[in-house]
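The next block holds one structure in the form of structure tokens; read it before the comments.
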Amino acid sequence: MNKQIITRFPPSPTGYLHVGGARTALFNWLYARHTQGKFVLRIEDTDVARSTQASTDAILEALEWLGIDWDEGPYFQSQRSDIYSEYIEKLLSTGLAYYCTCSRDTLDAMRQKAMETGGKPKYDGTCRNKGLSKTDDAVVRFKAPLTGSTIIKDVVKGNIVIPNAEMDDFIIQRSDGVSTYNLAVVVDDITMAINTVIRGDDHVNNTPKQILLYQALNAPLPTFGHVPMVLGKDRARLSKRHGAMSVTAYRDMGYLPDAFLNYLVRLGWSYGDQEFFTKDELIDKFTLENIGRSPGIFDTDKLLALNAEHIRKSPPVAVARHLIPFLKQRDCEADANEFTQAVILTLSVRSKTLAEMADGALFYYASKITYDAKAAKKFLKPAIAEPLNLLIKALEALDVFDEPSLENAFKTVMETAGMKLGKIAQPVRVALTGKTVSPGIFEMIVVLGQDTVIERLKDAAKFIENRQT
RNA sequence: GGUCCCAUCGUCUAGCGGUCAGGACAUCGGCCUCUCACGCCGAAAACACGGGUUCGAUUCCCGUUGGGAUCACCA
């Protein structure tokens with residue numbers, strides 16, 4: 001009988017949720033959902049000095065936007081110190097850990113010297129066998145094996161062998177009594193029954209330390225999977241100078257969460273040739289076996305293209321929900337009603353972001369159209385006045401206001417005026433939207449409705465008249 | 001510097017000994033067309049290098065080179 005998969009995402013609240021973190025969160029979440037397991041959220045705030053509530057809030061907000069939900073937590077490491085102490089005590093009593101009273105200065109000097117002589121900057125084990133007892137400024141160190149090697153059975157990278165000589169007696173409890181990262185993580189993962197640990201490549205080097213801790217604590221090892229880093233355009237680790245790092249920045253730029261997720265997962269994971277995935281498809285198809293081993297470069301062009309595709313393929317209701325804030329931001333009060341959905345339908349094929357879509361949607365909601373100066377000059381000319389009046393009459397006469405009847409009306413006007421559609425469409429477009437670029441003329445007219453269209457056409461006619469005199 | 005990881009078009013990737021090395025984004029042509037898009041058709045574009053193993057290597061092994069990560073009382 002198979003055990004239920006339990007994964008986790010343990011951000012440290014020292015900043016917003018960034019792209020790389022979002023990806024490991026996503027991998028863990030997808031794997032848990034795919035296997036109908038559990039996904040645990042844990043806030044690693046043992047670094048009291050750098051952890052903030054604001055960061056925690058920002059991270060939760062970002063996860064919520066992405067639609068990554070958790071089954072347990074959030075747990076806070078800062079509230080679990082008793083548990084850590086208990087385990088440290090256990091290690092101390094079995095002789096697998098010891099107190100160390102070496103000062104920071106002597107440690108620094110030691111490292112300095114080691115670097116200069118080309119040696120490894122490791123702790124030299126001064127206090128290892130002194131049998132010291134607790135003092136005010138003592139730290140607790142783990143007694144690591146001096147020889148042999150530790151093997152990480154990594155599901156994405158295969159077996160990784162690290163010589164134990166590479167590791168020193170690392171600190172598991174600071175002099176202020178707070179336990180360090182490696183200890184806290186292991187104790188948490190043991191006590192939370194985490195059996196699958198998927199995390200960034202940058203953790204490979206302390207995984208053997210954690211394995212040693214698991215062994216010392218007599219606990220079963222979880223499955224490890226280290227996913228490669230996300231790099232910037234210059235192949236350096238993604239950082240602020242590569243542009244936006246924060247997940248919510250992408251929300252604010254008008255990306256759909258599902259598009260962002262889709263992009264993120266494809267950066268380091270593949271399913272044959274498939275590029276486009278809905279969230280449900282991802283849950284259905286995500287497995288650890290298909291995670292790639294090489295680091296990937298974050299490519300905003302591809303993200304943008306994928307966003308456009310998601311906008312195109314998502315049902316208008318879903319898009320509406322995310323679009324509304326962008327309209328509000330532009331002083332346009334709109335609801336996710338049928339009208340807005342119809343608006344979205346005309347815009348989705350030509351919008352790469354929600355911001356772009358909002359810009360393009362404003363004319364639908366405007367009470368009065370202001371013409372782009374160049375557009376008006378070029379298209380709202382006296383020569384078009386007559387055809388425009390003919391069109392107004394034709395549209396007023398319509399009982400049914402749908403695309404076929406509109407096309408008929410236009411056709412009649414075109415024949416009477418002896419003009420091609422191209423000649424009349426642009427002036428009408430400017431009259432209705434104020435711009436030269438917009439959705440298709442007929443679909444747009446239908447959405448706008450008979451009254452509004454006629455009103456705007458009459459306004460345009462007036463505009464032309466005034467211009468003549 | 002030590003240790004560890006990685007290496008297919010510019011980018012994300014498929015490939016799991018025999019393929020005209022496939023797809024997507026971006027780029028460049030063309031078609032469609034009421035603008036802009038979408039869509040469609042086409043072009044250009046890659047196995048880092050050197051040794052092995054093998055009848056045969058993009059694929060397996062070793063080395064070189066290049067890139068990345070990490071070496072804290074940070075996580």
Side-chain angles (χ1 to χ4, degrees), chain A residues 10-14 44-47 49-51 77 100 102-104 107-108 111 114-123 137-141 152 154 156-158 160-163 165-168 170-176 178-182 184-185 200-208 226 228-229 231 233 235-237 263 266-276 290 292-306 308-309 312 347-352 360 375 379 410 420-426 428-430 433 435-442 444:
Chain A
S12 65
T14 54
E44 309 214 320
D45 54 352
T46 53
D47 184 355
R50 295 197 304 154
S51 299
Q77 289 190 326
C100 167
C102 296
S103 75
R104 289 174 209 243
L107 256 24
D108 285 345
R111 262 192 291 276
M115 288 298 243
E116 278 165 14
T117 58
K120 300 183 222 328
K122 300 197 324 181
Y123 176 62
D137 57 349
V139 299
V140 178
R141 286 184 184 273
I152 308 172
D154 194 294
V156 350
K157 291 178 186 292
I160 301 172
V161 183
I162 313 245
E166 277 304 307
M167 287 173 271
D168 62 359
F170 54 94
I171 292 170
I172 56 179
Q173 186 182 66
R174 304 184 181 93
S175 50
D176 62 2
V178 179
S179 51
T180 60
Y181 167 75
N182 282 120
V185 165
D201 228 350
D202 48 340
H203 282 285
V204 173
N205 294 276
N206 54 44
T207 299
H226 290 94
M229 302 272 83
L231 310 178
K233 279 221 186 303
R235 301 199 153 272
R237 187 184 185 155
Y263 175 72
R266 276 290 288 114
L267 187 59
W269 175 85
S270 59
Y271 190 80
D273 280 342
Q274 189 171 345
E275 300 279 350
F276 182 91
N290 295 325
R293 302 110 293 185
S294 51
I297 293 171
F298 192 79
D299 179 9
T300 47
D301 280 342
K302 188 141 188 175
L303 169 60
L304 190 64
L306 214 39
E309 193 173 351
R312 253 179 274 136
L347 255 17
S348 58
V349 79
R350 61 205 98 221
S351 308
K352 291 192 187 302
F379 294 109
F410 268 77
K420 294 209 166 189
L421 181 57
K423 280 284 175 202
I424 195 160
Q426 277 308 76
V428 170
R429 192 183 311 281
V430 174
T433 73
K435 302 193 191 79
T436 53
V437 174
S438 84
I441 219 82
F442 302 120
M444 181 168 69

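- B:rG39 and B:rA48 are spaced 32 Å apart, taking the P atom of each and rounding to whole Å.
- Taking atom CE of residue A:M444 and atom C1' of nucleotide B:rC38, one finds them 17 Å apart after rounding to whole Å.
- Across all strands, A:P295 comes closer than 4.0 Å only to sugar-phosphate atoms, never to a base (heavy-atom distances).
- In this structure, A:L347 places its CG atom 14 Å from P of B:rC38, rounding to the nearest Å.
- Between A:M167 atom CE and B:rA72 atom P the separation is 14 Å, expressed in whole Å.
- One can place CZ of A:R235 at 9 Å from P of B:rG68, the figure rounded to the nearest angstrom.
- Checking side-chain atoms of A:R266 against main-chain N and O of A:W269 turns up a donor-acceptor pair under 3.5 Å.
- Between the P atoms of B:rG10 and B:rG30, the separation comes to 25 Å (whole Å).
- Taking every side-chain heavy atom of A:P121 into account, B:rA72 is the closest of B:rU70, B:rA72, B:rC73.
- Within the nucleic acid shown, A:R293 comes within 4.0 Å of sugar-phosphate atoms alone, with no base atom in reach, counting heavy atoms only.
- B:rG15 and B:rC41 have their C1' atoms separated by 27 Å, given to the nearest Å.
- More than 12 heavy-atom neighbours from other residues, nucleotides or ligands sit within 6.0 angstrom of NZ on A:K122.
- When heavy atoms are screened at a 4.0 angstrom cut-off, A:S175 is found touching base atoms of the nucleic acid.
- When the P atom is used for both B:rU59 and B:rC9, the distance is 14 Å, rounded to whole Å.
- Nearest nucleotide to the A:A305 side chain, out of B:rA75, B:rC4, B:rC25: B:rC25.
- Remark: A:R266 is not in phosphate contact with B:rC25, judged by side-chain N or O atoms under 4.0 Å from OP1 or OP2.
- A:V161 comes within 4.0 angstrom of the backbone, heavy atoms only, and of no base.
- Close to B:rC73, at under 4.0 Å from its OP1 or OP2, lies no side-chain N or O of A:T180.
- Partner assigned to B:rA24 is B:rU11, using Watson-Crick or G-U wobble distances below 3.5 angstrom.
- Partner assigned to B:rU70 is B:rG2, using Watson-Crick or G-U wobble distances below 3.5 angstrom.
- Between A:R50 and A:D45, no side-chain nitrogen of the basic residue sits less than 4.0 Å from a carboxylate oxygen of the acidic one, so the salt-bridge criterion is not met.
- Straight-line distance between the P atoms of B:rU58 and B:rC16: roughly 14 Å, to the nearest whole Å.
- Within the nucleic acid shown, A:G268 comes within 4.0 Å of sugar-phosphate atoms alone, with no base atom in reach, counting heavy atoms only.
- Across all strands shown, B:rA44 forms no Watson-Crick or G-U wobble pair with both distances under 3.5 Å.
- Between B:rU3, B:rA24, B:rA14, one nucleotide has an atom nearer to the side chain of A:E275 than all others, and that is B:rA24.
- Put simply, the side chain of A:K302 and the base of B:rA24 share a donor and an acceptor less than 3.5 Å apart.
- Taking the ring centre of A:Y123 as origin, the terminal cationic atom of A:R141 falls inside the region bounded by 6.0 Å and 45° from the ring axis.
- In this structure, the side chain of A:Y263 engages the main chain of A:D299 through a donor-acceptor pair within 3.5 Å.
- Atom CZ in A:R111 sits about 16 Å away from atom C1' in B:rG1, given to the nearest Å.
- Within 4.0 Å of A:D168, counting heavy atoms only, lies no atom of the nucleic acid at all.
- Taking both residues in full, the closest heavy atoms of A:S51 and A:E44 are given as OG-O, 4.4 Å, listed atom of the first, atom of the second, then distance.
- Annotation: of the two residues near RNA chain B, A:G292 and A:E309, the 5′-most nearest-nucleotide partner is A:G292.
- Crowding of A:F442 atom CZ: a count of heavy atoms from other residues, nucleotides or ligands under 6.0 Å exceeding 12.
- Summarising the geometry, the separation between CG on A:L267 and P on B:rA24 is reported as 19 Å, rounded to the nearest angstrom.
- Of the listed nucleotides (B:rC73, B:rU70, B:rG10), B:rC73 has the atom at the smallest distance from the side chain of A:R104.
- When heavy atoms are screened at a 4.0 angstrom cut-off, A:T14 is found touching no nucleic acid atom at all.
- Smallest separation of non-hydrogen atoms from A:Q77 and A:T46: OE1-CG2, 3.3 Å.
- Side-chain N/O atoms of A:R237 include one lying less than 4.0 angstrom from OP1 or OP2 on B:rU70.
- Nearest nucleotide to the A:I297 side chain, out of B:rC12, B:rA75, B:rG1: B:rC12.
- In this structure, A:T433 contributes its side chain and A:K435 its backbone to a donor-acceptor pair below 3.5 Å.
- Between atom SG of residue A:C100 and atom CG of residue A:L107 there is a gap of 6.5 Å, rounded to the nearest 0.5 Å.
- Remark: the separation of the C1' atoms in B:rC25 and B:rC73 is 47 Å, to the nearest Å.
- Within the nucleic acid shown, A:V204 comes within 4.0 Å of sugar-phosphate atoms alone, with no base atom in reach, counting heavy atoms only.
- Taking the C1' atoms as reference points, B:rC31 lies 29 Å from B:rA21, given to the whole Å.
- Base-pair partner of B:rC49: B:rG63 (Watson-Crick or G-U wobble, both distances under 3.5 Å).
- Across all strands shown, B:rU19 remains unpaired; no Watson-Crick or G-U wobble contact has both distances below 3.5 Å.
- At whole-Å resolution of the value, OH in A:Y181 and P in B:rA75 are 9 Å apart.
- Distance CD (A:E166) to C1' (B:rA72): 16 Å, rounded to an integer number of Å.
- Atom name C1', nucleotides B:rG1 and B:rU53: the rounded distance is 34 Å, in whole Å.
- A donor-acceptor pair under 3.5 Å is formed between the side chain of A:T180 and the backbone N or O of A:I171.
- B:rU35 makes up no base pair with any nucleotide shown, lacking Watson-Crick or G-U wobble contacts both under 3.5 Å.
- Listed nucleotides: B:rA75, B:rG23, B:rG10. Nearest to the side chain of A:D299: B:rG10.
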All N/O pairs under 3.5 Å across the protein-nucleotides 35-37 of chain B interface:
residue	atom	partner	partner atom	Å
B:rU35	O4'	A:Q426	OE1	3.2
B:rU35	O2'	A:T436	O	3.2
B:rU35	N1	A:R429	NH2	3.3
B:rU35	O2	A:S438	N	2.8
B:rU35	O2	A:S438	O	3.1
B:rU35	N3	A:R429	NH1	3.1
B:rU35	N3	A:S438	O	2.6
B:rU35	O4	A:G440	N	3.1
B:rC36	O2	A:R350	NH1	2.8
B:rC36	N3	A:R350	NH1	2.5
B:rA37	O2'	A:V349	O	2.6

